[in-house]
Protein chains: 2
Amino acid sequence: MRRTVRDLRRHNRSVLLSSLYLGDPQSRQDLGRTSGLSQGTVSNVVGELIEEGLVIEAGLVDSDGGRPRTLLRVNPGHTHVIGVDVGETRIRVEVFDLAMRPLATVVQPLASARPDPAAVVEQVLDGLREVLRRAGVGEGEVLGVGVGVFGTVEQGAEATVHAQTIGWDAVPLERMLRAGTTLPIYLENGAKTLGQAELWFGAGRGVQHAVITLVGSGVGAAVISNGAISRGATSSAGEWGHTCLVYDGRPCRCGSRGCLEAYVGAEAILDRWKAARGGHAVPGRDEESSLAALLADGGPVAEQVLAETAGYLGAGMANLVNLFNPERIVLAGWAGHALGRRMLDRIRDEARERALRHPFGQTSIQLGRLGLDAVALGAATLPVADLLARGAATDRAPVLRVDAPA
Amino acid sequence: MRRTVRDLRRHNRSVLLSSLYLGDPQSRQDLGRTSGLSQGTVSNVVGELIEEGLVIEAGLVDSDGGRPRTLLRVNPGHTHVIGVDVGETRIRVEVFDLAMRPLATVVQPLASARPDPAAVVEQVLDGLREVLRRAGVGEGEVLGVGVGVFGTVEQGAEATVHAQTIGWDAVPLERMLRAGTTLPIYLENGAKTLGQAELWFGAGRGVQHAVITLVGSGVGAAVISNGAISRGATSSAGEWGHTCLVYDGRPCRCGSRGCLEAYVGAEAILDRWKAARGGHAVPGRDEESSLAALLADGGPVAEQVLAETAGYLGAGMANLVNLFNPERIVLAGWAGHALGRRMLDRIRDEARERALRHPFGQTSIQLGRLGLDAVALGAATLPVADLLARGAATDRAPVLRVDAPA
DNA sequence: GCAGGTTAATTCGATGCTTGAATTATGACT
DNA sequence: AGTCATAATTCAAGCATCGAATTAACCTGC
């Protein structure tokens, strides 16, 4: 329900700013051409953005005999954003400039394996203070804080977190954080923030329809439709790991059976390897080293386990292809990377076998380009995305300006 | 990439028109309140719409002592729309007024079981002429023709149809139809048009996130996200029937194995019944009567087959819940209706068992309220949806009006 | 039947935004 | 230094919305 002529301005600011932020530096003329706005309006809007310090001129390019064009880009130093990754074992807090260059990072192990919400909030707030101190950035120079958190984040007036496995039920994390800081808070599921990072800076650049899959100990996905993350009615869309792939198959920690996660999550893969070894414990002191051992083993038992894994994973991806018809599927997450580096082709073949021909032909399956650290990066993009969507509307209160007569 | 101040007008026309079309009759004041537009603007825009004949005044309601409000609604007779359902066995062509009341219908059996595109086009064009003649409606009084067709419809400059099973590969159906009529053509997959019909007039009214499942001989779905049908990159999203539910299970006609359709499509159900009967042929002379026989049988073998069917269908729905987090899942299609009437509760229970608790709690699973005839109805909504989205912009050429001086 | 009250709808001046054409700015080439 | 070419800015004109004031339509009570 749009309304007034001010919305127009806001929208056009948003269009130009997004074009400058997400694309290469451009001249005012380029902006006019790509946005469809007239030269005059571009000049006008850009002038405003420059005056506000959001956009800066960045060099000249001579143009075939005429006046050289001045290139414009977003001012990386105009403000900063903070990304927080609340994982199941540790918290990572990172400050970036607007160009998403990291300025300082703080990583803390989580105090407990079944963390108490209040303790997590305390640790996050500590991390915020500490990371700002290290980077020498004041609170006033921060646009906002994005928080990527395990579990399902239900958006609403105030976002809440559900995490069945550790007993969090509708924890009002956003309100709790707001109570401890005046910085704007943006809360989102960690898998989705990683998806956002891959979408903007990784294997999903420039794509409108994509699914970023996240394979770690568990399995998740972020579905991007028309360039934006799908959330569904209550933001819990994308639970790919708990779709049934083997009817009445292996029990899953979600309580159901035969979920994808119960086959291709790292924990499940290692379980299957152990079973294939006749119950003998698998080598490695943690999941990561065990999975590495499996991938390096080379013996027939290990190969069989891996072949099955590729089959399950390919089938899961085929389901994504048939349901979402994406341009790209990205395999990410630490286990996803490990598996993909070793056998992405095989996974792709399995997916081809099981997907409908036509949509499969439209999809490219790729390895993620960012590591798991990108959860914080993706979280930090949340305030930026909001800035771009708002057109950086300064939301200035209606200025009571009394013009002096000429 | 929006632009000018005219877009504002178009958008606000669209808002008001949609509110009038999709909602109950409203006064100008009501419109102002719900849309956020000022009284003056509403009056202005509505005046335009009335002058164009799109909107009419519909009665007065007195208002507690003051001037009674005049209610407004879309003029049902302003224009007409045609819906065409190109099924695998027959073609149905139907004229509606703008309020979607049917005025005339033509049904023709399809000439061949493996229809030739040119023959189909000929039959559709014949149907158009015939149905207009019967309804006494001239071509000039038709807003557009929506065509719901089996197979995958790839949108683009000109929509094409892919239907692997009958050998249609990128058939340029839109172009072929345009060659035979001047009426605007809108092409879409039949399952999606049925979804649109349920969304506007059936079990999906007022819902923003829904999945309309379509269970017939085959299995499909229309996914509605943020009130609009998801199409994915090349419009083939929503192939729920060909998601893998039983890894390496029963072979499916798509070439893969273990697809949902290979278990809960009517053909598959009857196959499984036959197998459970030790290979004895099932009663009934066609799929519909056979399925009815299965549902009426009551014996332990039949009940077992049905119980399994409920399990598979429930699992498939649980996958939809986990992936899309919809507010509503609608079970439609002739077989879906038959199954749902008998055991929707059981299907719901199976879905609850297998879905994540939180998103399942947000979803209601309901039986479709419209029959299969609604494919044509849904197709006919396509031109209407376009009208609403365009704000019925008359796309009038810039009027060169020379105002006479006062 | 007429004044006063109440709510609905329209009118109109003020304001803000985009456009398109004209103007100014900036540099290369001769 | 003059001419050409391209980029950016300026400015009057045209649209669209808003808010306040006005007009319209009907009710109630005396």
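Reminder, nothing fancy here: chain letters follow the sequence lines and each chain counts from 1. Hydrogens, waters and symmetry mates are skipped; everything else that's a heavy atom, side chains included, is used. All of these numbers come straight from a predicted model, not from anything done at the bench.
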Any side-chain heavy atom of [X] sitting closer than 4.5 Å to one from [Y]?
X	Y	value
A/P326	A/V207	no
A/T193	A/T381	no
A/V384	A/F96	no
B/S14	B/R390	no
A/K192	A/Q196	no

Atom-pair distance ([atom1] on [X]; [atom2] on [N]), nearest Å:
X	N	atom1	atom2	result
B/Q29	C/dA9	CD	P	6 Å
B/H11	C/dC17	NE2	P	17 Å
B/E57	D/dA24	CD	C1'	13 Å
B/L49	C/dA9	CG	C1'	16 Å
B/L31	C/dT10	CG	P	12 Å
B/L60	D/dC27	CG	C1'	14 Å

*Worked verdict on B/E174 versus B/T160 for side-chain hydrogen bond (donor to acceptor under 3.5 Å, both in side chains)*: CA-CA 7 Å; B/E174 181 170 349; B/T160 59; over 6 Å; no
*Of the residues in residues 67-76 of chain B, which ones touch DNA chain D at a heavy-atom distance under 4.0 Å?*
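Those residues are B/R67, B/P68.
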*Any donor-acceptor N or O pair under 3.5 Å, side chains A/S27, A/D30*: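 Per modelled atom types, A/S27 and A/D30 side chains form a pair under 3.5 Å.
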Which atoms of nucleotides 17-20 of chain D (N or O only) lie under 3.5 Å from a protein N or O atom, and what are those distances?
residue: D/dT17; atom: OP1; partner: B/N12; partner atom: ND2; Å: 2.8
residue: D/dT17; atom: OP2; partner: B/R9; partner atom: NH1; Å: 2.5
residue: D/dC18; atom: OP2; partner: B/S38; partner atom: N; Å: 3.0
residue: D/dC18; atom: OP2; partner: B/S38; partner atom: OG; Å: 3.1
residue: D/dC18; atom: OP2; partner: B/T41; partner atom: OG1; Å: 2.9

*What residue among A/N325, A/N226, A/I224 forms side-chain contact (heavy atoms from CB on, under 4.5 Å) with A/H209?*
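Going through the options one by one, the only one that passes is A/N226.
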_Just N and O in the side chain of A/R28: are any of them under 4.0 Å from OP1 or OP2 of D/dT9?_
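A/R28 to D/dT9 OP1/OP2: side-chain N or O found under 4.0 Å.
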